[in-house]
Protein chains: 2
Amino acid sequence: MTHPAENDKLTTAAQPPEAPKHKQAITSVDVVLLTLVDRRLYTVVVDRDRPPFEGMPTLPGGYVHTETDPDSRAAARRTLEKKTGIKAPYLEQLYTFSGPDRDPRGWSFSVAYYALVNKDTVALRMNAGARLVPVDEVGELGFDHNEILDFALKRLQDKSSYSALPCYLLPKEFTLTELQETYELVMKERLEKSSFRRKLEDMGFLEVLEGQFRTGKHRPAQLYRIRPDKSLTLFDRTV
Amino acid sequence: MTHPAENDKLTTAAQPPEAPKHKQAITSVDVVLLTLVDRRLYTVVVDRDRPPFEGMPTLPGGYVHTETDPDSRAAARRTLEKKTGIKAPYLEQLYTFSGPDRDPRGWSFSVAYYALVNKDTVALRMNAGARLVPVDEVGELGFDHNEILDFALKRLQDKSSYSALPCYLLPKEFTLTELQETYELVMKERLEKSSFRRKLEDMGFLEVLEGQFRTGKHRPAQLYRIRPDKSLTLFDRTV
DNA sequence: GTAATAGTGTCTCTCAGACAGTATGTC
DNA sequence: GACATACTGTCTGAGAGACACTATTAC
């Protein structure tokens with residue numbers, strides 16, 4: 001919290017009285033937006049138009065607006081919407097990165113969030129400078145944003161094994177094969193078709209879209225969607 | 001991160017040039033220290049000796065020292081050592097809490113950590129004002145520290161089901177029954193003796209202390225310790 | 001001997017993985 | 001018909017829970 005320790009003769013710069021003993025840290029939020037296009041994971045990067053790291057791609061991020069943001073999650077949501085137009089993604093706090101060297105302007109905090117959306121959501125209106133890049137082709141990002149991206153990918157990989165998070169990466173309607181491919185991509189692991197389907201059936205968060213099929217040069221595949229009432233975030237079983 | 005957004009005309013207060021557009025947030029760290037005494041979970045609280053929340057117990061915490069701390073984890077470690085004398089606990093980032101109201105002095109961030117130690121470690125030298133309290137008797141804490149404490153207990157509960165975190169709460173040498181009781185306490189769930197032992201055996205992070213036993217009015221119990229080379233943080237199986 | 005706790009053996013049921021087999025579309 | 005992909009059924013082995021049984025101490 002935000003209380004001086006007993007032997008810690010310092011105050012905050014935020015409210016008047018005394019001068020702070022310790023230089024204040026910079027505080028900001030960053031967002032790793034992940035989505036799936038053509039069986040590949042993409043993230044959004046923004047080309048910086050000013051120093052530091054001018055001209056380099058970075059994750060979308062920015063300062064907290066202490067006048068208006070109710071918390072850091074709201075700041076992340078606002079930042080993401082400004083860059084990409086996306087309003088209500090799945091958004092979860094990832095980790096807080098900190099230190100004197102990650103931003104050349106000084107000792108800084110970044111509260112990182114990750115967001116999962118489907119490609120229909122992301123296609124709408126991207127701000128100039130923002131663009132989708134496959135996660136395995138992002139190259140060097142400004143600040144410590146490669147580390148943050150890797151952290152998000154690892155978190156998604158781990159959490160997918162006991163949650164339905166990958167569903168957020170798909171459009172509202174999808175086939176079981178598409179869902180399985182998404183899990184395999186995210187978890188970097190092959191899954192067995194029949195047990196995958198059994199488990200999904202048992203968990204019961206999918207709803208058959210009666211009479212709706214994905215067609216092709218083969219047998220049509222049943223379309224499903226998430227049951228609107230179900231939470232996708234925690235299972236007692238492994239997927 | 002720590003970069004102005006394109007349309008975000010603002011700078012940081014940390015390094016000179018321009019004036020910040022947004023008031024800076026207060027930044028601090030807080031630590032939930034957990035330990036086990038007589039089959040009960042305890043945490044450390046510190047009575048505040050100044051406003052806000054003067055006289056109320058709070059979690060140990062304080063400002064980041066941007067001149068010396070290499071990151072927020074180091075700040076948490078330093079803070080904890082100052083209050084309790086504990087030097088090298090298991091220490092993991094928990095969550096970052098933020099908002100305009102959690103600290104009456106202004107919009108604030110707190111990067112919360114939780115630490116797990118055994119009672120022998122904690123008994124050494126507690127600072128004046130710091131004391132151990134059973135987690136179910138802490139009462140009202142200053143700031144939003146009850147929420148942070150609950151968050152830590154929940155995290156420990158969740159993570160214990162697939163890790164050996166509860167081992168950090170016990171002394172170096174312990175019996176299997178003691179370990180099982182610790183798991184049950186933390187997970188709030190009864191465990192089956194024989195399968196618990198089977199699983200520990202299979203995971204192989206315990207080492208028999210040959211010829212060493214805990215005695216009492218009954219059959220002596222074999223003492224174990226953690227195999228020094230083993231990581232306790234991630235298992236592929238459930239405990 | 002009894003009480004108390006430590007530790008083991010065995011049965012059963014569930015479930016995940018393997019894999020083969022069937023179904024239904026396009027061409 | 002061949003092919004491609006969707007979907008289902010069955011076998012097997014691993015492991016978790018239940019629970020009874022044995023072991024070793026103090027008294």
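Source: prediction; values computed, not measured. Residue numbering restarts at 1 for every chain, and letters A, B, ... go by the order of the sequence lines.
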Worksheet item: What heavy-atom pair brings B/L41 and B/L36 nearest, and what distance separates the two atoms?
Response: N-CD1, 4.2 Å
Practice prompt. Compare side-chain N and O positions of A/T215 against OP1 and OP2 of C/dG25 and report whether any pair is under 4.0 Å apart.
Written response: no
Practice prompt. Please evaluate the base of D/dG17 for a donor-acceptor partner in the side chain of B/S194 within a cut-off of under 3.5 Å?
Written response: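 Such a pair does not exist between side chain and base.
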Discussion item. If you go through the side-chain atoms of A/R198, does one of them form a donor-acceptor pair with the base of C/dG17 closer than 3.5 Å?
Written reply: yes
Length of the line joining [X]:[atom1] and [N]:[atom2], which is rounded to integer Å:
{"X": "B/Q180", "N": "C/dT5", "atom1": "CD", "atom2": "C1'", "result": "13 Å"}
{"X": "A/E192", "N": "D/dA14", "atom1": "CD", "atom2": "P", "result": "17 Å"}
{"X": "A/F213", "N": "C/dT26", "atom1": "CZ", "atom2": "P", "result": "13 Å"}
{"X": "B/E201", "N": "C/dT8", "atom1": "CD", "atom2": "P", "result": "9 Å"}
{"X": "B/R214", "N": "C/dA4", "atom1": "CZ", "atom2": "C1'", "result": "16 Å"}
{"X": "A/E189", "N": "C/dG17", "atom1": "CD", "atom2": "P", "result": "8 Å"}
{"X": "B/L200", "N": "C/dG7", "atom1": "CG", "atom2": "P", "result": "12 Å"}
{"X": "B/L206", "N": "C/dG7", "atom1": "CG", "atom2": "P", "result": "12 Å"}

Fill in: Atom pair CE (A/M56) and CD (A/E140), whose distance is rounded to the nearest 0.5 Å
4.0 Å
Worksheet item: How long is the span from the CZ atom in A/F196 to the CD atom in A/E184, to the nearest 0.5 Å?
Response: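 It is 8.0 Å, given to the nearest 0.5 Å.
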Discussion item. Quick one: does any side-chain atom of A/Q93 pair with a main-chain N or O of B/Y95 as donor and acceptor, under 3.5 Å?
Written reply: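 No; zero donor-acceptor contacts below 3.5 Å.
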Discussion item. Between B/Q222 and B/Q212 (side chain of the first, backbone of the second, donor and acceptor by atom type, cut-off under 3.5 Å), is there such a pair?
Written reply: yes
Under 3.5 Å, N/O pairs linking protein and nucleotides 4-6 of chain D:
{"unit_1": "D/dA6", "atom_1": "OP1", "unit_2": "A/T177", "atom_2": "OG1", "d": "3.4"}
{"unit_1": "D/dA6", "atom_1": "OP2", "unit_2": "A/T177", "atom_2": "OG1", "d": "3.1"}
{"unit_1": "D/dA6", "atom_1": "N3", "unit_2": "A/R219", "atom_2": "NH1", "d": "3.0"}

Discussion item. Under the side chain to side chain contact (heavy atoms under 4.5 Å, CB included) test against A/F174, which residue among A/N118, A/T182, A/L206 passes?
Written reply: A/L206
Fill in: Test log, rule side-chain hydrogen bond (donor to acceptor under 3.5 Å, both in side chains), inputs A/R102 and A/S108
CA-CA 7 Å; A/R102 50 185 303 284; A/S108 65; 2.8 Å; yes
